[in-house]
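Please read the structure below before turning to the comments.
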Amino acid sequence: MSRIFITGSTDGLGLAAARTLMKEGHDVVLHARSRERASAIAETSAAALGIVIGDLASATETRSIAEQVNAIGRMDAVIHNAGIYLERSRGETPDGHAKTLAVNVLAPYLLTAWITRPDRLVYLSSGMHRSGSSALDDIDWKKRPWSASQAYSESKLYIATLAAAVAHHWPDVFSNAVDPGWVPTKMGGAGAPDDLEMGHLTQTWLATSDEGAAKVSGGYWYHRRRREASPEVADAGFQDVLVERLAGLTGVRLFEERRQTQDQM
């Protein structure tokens with residue numbers, strides 16, 4: 001039995017993953033953006049280990065989410081499932097960031113830093129990450145004209161890269177990115193062609209399975225099969241620049257302990 005925290009688990013793939021894991025006998029901690037959204041899954045949350053509340057668009061509320069999770073206890077795995085798709089405008093979070101970047105990238109980055117380190121981390125990417133630009137000078141969309149599709153694609157490139165960077169820096173953690181496919185959720189739409197079941201079973205498998213194939217790190221997965229990600233994802237230089245950008249935007253250094261070790265050498 002494992003203890004797993006899943007962000008964005010009130011609907012879609014996150015809720016499906018939570019229900020599957022609970023059915024398998026695991027302890028699941030759910031996440032809802034608001035108390036209203038939490039009340040909509042009261043039956044599921046009653047069977048969960050707990051439910052935490054907070055809006056990932058806010059760094060303050062993201063910090064609260066991490067504190068709530070840590071108060072429950074150490075997780076064996078965290079599935080960074082939450083995400084937003086095509087925002088009509090850049091938006092403005094309480095911290096001044098583009099909403100797509102804040103929810104899809106900055107929040108999982110901060111939660112990775114703030115939640116007690118688990119054994120396994122799973123980050124949801126997308127096949128659209130291959131359309132993301134490798135230029136990192138304006139990841140917060142303060143200079144460029146807004147493009148909802150491009151912003152989403154870039155956010156999914158960044159999150160896949162973050163998963164690879166974690167795998168590199170934390171060899172004691174299995175860290176992987178998953179492309180769930182274009183599945184018929186509220187985000188994907190009713191006409192999406194991919195298998196909804198396989199869309200979430202890859203995450204649950206990577207989070208809990210004792211199969212040797214699942215106990216790996218640094219992979220990019222689609223329907224329980226490894227795929228080649230965009231070349232930037234495995235590029236150590238790109239990883240380092242991205243992590244520095246995220247540290248600059250959040251004020252939080254994810255791999256500070258490694259930096260301190262290097263400084264002492």
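Only a predicted model underlies this, so the values are computations on that prediction, with no experimental measurement involved.
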Worksheet item: Shortest non-hydrogen contact from I159 to V105?
Response: CD1-CA, 4.4 Å
Worksheet item: Would you call R3 and D76 a salt bridge, taking side-chain N to carboxylate O under 4.0 Å as the test?
Response: no
Practice prompt. Would you sort out whether S147 and Y152 count as a side chain to side chain donor-acceptor pair (under 3.5 Å), showing the intermediate values?
Written response: CA-CA 9 Å; S147 168; Y152 178 79; over 6 Å; no
Worksheet item: Taking only residues two or more places apart in sequence or in another chain, which ones pass side chain to side chain contact (heavy atoms under 4.5 Å, CB included) with S217?
Response: A167, F174, S175
Item to complete: Walk me through it: do N70 and T116 pass the test side chain to side chain donor-acceptor pair (under 3.5 Å)?
Response: CA-CA 6 Å; N70 289 337; T116 301; 3.2 Å; yes
Worksheet entry | Members sharing Y220's hydrophobic cluster (side chains within less than 4.5 Å) | none
Worksheet item: Do the charged groups of R37 and D11 touch, with an N to O distance under 4.0 Å?
Response: yes
Worksheet entry | Any residue meeting salt bridge (charged side-chain N to carboxylate O under 4.0 Å, His left out) with D172, in chain and number order, not counting sequence neighbours | R117
Worksheet entry | Cation-pi check, R227 onto W221 ring (under 6.0 Å, within 45° of axis) | no
Response to the item:
E92 meets the side-chain hydrogen bond (donor to acceptor under 3.5 Å, both in side chains) criterion, sequence neighbours left out, with R90
Item to complete: Find out whether I4 and I6 are in side-chain contact, i.e. whether some heavy atom of one side chain is under 4.5 Å from a heavy atom of the other.
Response: yes
Worksheet entry | Pairs where residues 18-49 contributes a residue and the test ring-ring contact (aromatic ring centres under 6.0 Å, His included) is met, not counting sequence neighbours | none
Worksheet item: With a 4.5 Å heavy-atom cut-off, do V173 and D119 have their side chains touching?
Response: no
Practice prompt. Could you tell me whether a side-chain N or O of S58 sits under 3.5 Å from a main-chain N or O of E61, the two making a donor and an acceptor?
Written response: yes
Practice prompt. Hey, could you give me each pair passing side chain to side chain donor-acceptor pair (under 3.5 Å) that has a residue in residues 158-167? Not counting sequence neighbours.
Written response: E154-Y158
